[in-house]
Amino acid sequence: PVVADGGTVAVSGNAVRPDELAVSGSPANDLLQQYRSTIYRHDMMLRAISLEMGEVDPSGADSLHYRALAAKTDSISAAWESLRGDFVRENNASPVAAFLVYIYAPGDATRPQADSMLRLVDTTAHNAFVDRLRALRQKPSGR
């Protein structure tokens with residue numbers, strides 16, 4: 001997301017790769033860019049493994065290699081999740097924290113899961129992502 005906060009933001013990057021665009025100029029955008037820089041290496045590794053997994057037959061002669069790739073994916077994903085958790089805890093009052101919690105929330109989040117997610121962020125902060133997390137809590141079964 002782009003958070004303008006009523007000010008001016010700068011967008012840089014290549015329009016052919018929108019997931020790599022960098023937005024700066026507000027504290028929230030700068031913080032989100034900091035997070036993206038932190039997880040960039042993990043993201044690139046997961047993309048490379050995903051491509052390789054697509055070329056490997058999960059049955060037969062390639063099954064051992066496929067399982068090794070799956071194990072690497074699990075390990076990298078766990079490290080990424082840990083980095084995200086640390087980042088959210090360190091920046092829990094920022095809309096970026098609420099954004100990260102919301103976008104990685106399960107689509108069928110239960111009320112206890114939504115309550116748990118709300119405890120990760122500063123709920124006194126008024127932003128769209130805290131509101132969306134609160135809305136998850138109100139739905140019988142997620143989004």
Side-chain angles (χ1 to χ4, degrees), residues 1-123 125-137 139 141-143:
V2 175
V3 183
D5 293 335
T8 302
V9 297
V11 179
S12 61
N14 185 337
V16 175
R17 296 183 179 159
D19 58 331
E20 295 179 12
L21 290 175
V23 180
S24 61
S26 76
N29 286 311
D30 294 343
L31 192 60
L32 182 57
Q33 192 59 38
Q34 178 186 338
Y35 171 75
R36 290 175 70 189
S37 296
T38 301
I39 56 103
Y40 180 79
R41 186 172 54 98
H42 295 80
D43 186 38
M44 291 296 107
M45 287 189 289
L46 286 174
R47 288 179 192 208
I49 291 171
S50 177
L51 288 173
E52 188 174 347
M53 287 178 86
E55 297 174 3
V56 175
D57 181 6
S59 60
D62 288 341
S63 66
L64 185 59
H65 182 61
Y66 188 86
R67 286 194 305 249
L69 292 172
K72 281 183 183 179
T73 297
D74 291 346
S75 176
I76 294 167
S77 295
W80 185 343
E81 188 173 321
S82 177
L83 286 170
R84 184 176 61 247
D86 291 346
F87 193 87
V88 166
R89 279 187 290 283
E90 291 168 11
N91 301 285
N92 72 332
S94 169
V96 174
F99 165 71
L100 292 173
V101 171
Y102 180 76
I103 64 166
Y104 290 104
D108 59 349
T110 63
R111 186 177 180 130
Q113 287 173 315
D115 287 343
S116 177
M117 289 182 278
L118 277 166
R119 284 192 290 276
L120 297 173
V121 298
D122 179 359
T123 56
H126 297 289
N127 67 65
F129 297 107
V130 168
D131 293 343
R132 289 179 185 179
L133 287 169
R134 284 189 183 110
L136 277 180
R137 189 175 185 278
K139 293 187 178 181
S141 61
R143 295 178 212 191

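Worth saying up front: this structure is predicted, and the values here are computed from it rather than measured. All residue numbers in this chain count up from 1 along the given sequence.
Scanning all heavy atoms of the two residues, the minimum distance from Ser63 to Pro58 falls at CB-O, 3.1 Å. Between Arg89 and Asp86, the shortest heavy-atom distance links the atoms NH2-OD1, 2.7 Å. The heavy-atom pair separating Ser94 from Leu31 by the smallest distance is OG-CD2, 3.3 Å. Closest of all the heavy-atom pairs between Val130 and Asp122 is CG2-O, 4.0 Å. Heavy atoms only, all atoms of each residue included: Ala97 and Asn91 are closest at CB-O, 3.2 Å. The shortest heavy-atom contact between Ile49 and Leu69 is CG2-O, 3.7 Å.
Comment: Arg119 does not engage Asp115 in a salt bridge, judged by the lack of any side-chain N to carboxylate O separation of less than 4.0 angstrom.
Checked against Arg84 for a side-chain contact (heavy atoms from CB on, under 4.5 Å), the options Val101, Thr38, Ile39, Leu100 give a single hit: Leu100.
Side-chain contact between Met53 and Thr73 is present, with at least one heavy-atom pair separated by less than 4.5 Å. Between Met45 and Lys72 the shortest side-chain heavy-atom distance does not fall below 4.5 Å. Looking at Tyr102 and Leu136, their side chains come closer than 4.5 Å, going by heavy atoms from C-beta outward. With contacts defined as side-chain heavy-atom distances shorter than 4.5 Å, the pair Gln33/Asn29 does not qualify. Counting heavy atoms from C-beta on, the side chains of Leu120 and Asn92 never come closer than 4.5 Å.
One finds the CG atom of Leu133 at 10.5 Å from the OG atom of Ser116 (value rounded to the nearest 0.5 Å). Expressed to the nearest 0.5 Å, how far CG of Leu51 lies from CG of Leu46 amounts to 11.0 Å. For the atom pair OG1 of Thr110 and CD of Gln113, the computed distance is 3.5 Å after rounding to the nearest 0.5 Å. Taking CZ from Arg132 and CD1 from Ile103, the interatomic distance works out to 11.0 Å, rounded to the nearest 0.5 Å. Arg111 contributes atom CZ, which lies 10.0 Å from atom CG of Leu118 (distance to the nearest 0.5 angstrom).
Not a single donor-acceptor pair under 3.5 Å links the side chain of Ser75 to the backbone N or O of Ala71.
By the 30° and 60° cut-offs, the orientation of the rings of Trp80 relative to Tyr104 is perpendicular.
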Problem set entry | Trace of the side chain to side chain contact (heavy atoms under 4.5 Å, CB included) decision for Met44 with Arg47 | CA-CA 5 Å; Met44 291 296 107; Arg47 288 179 192 208; 3.7 Å; yes
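The local environment of CZ in Arg41 is sparse, with at most 12 non-hydrogen atoms from other residues, nucleotides or ligands closer than 6.0 Å.
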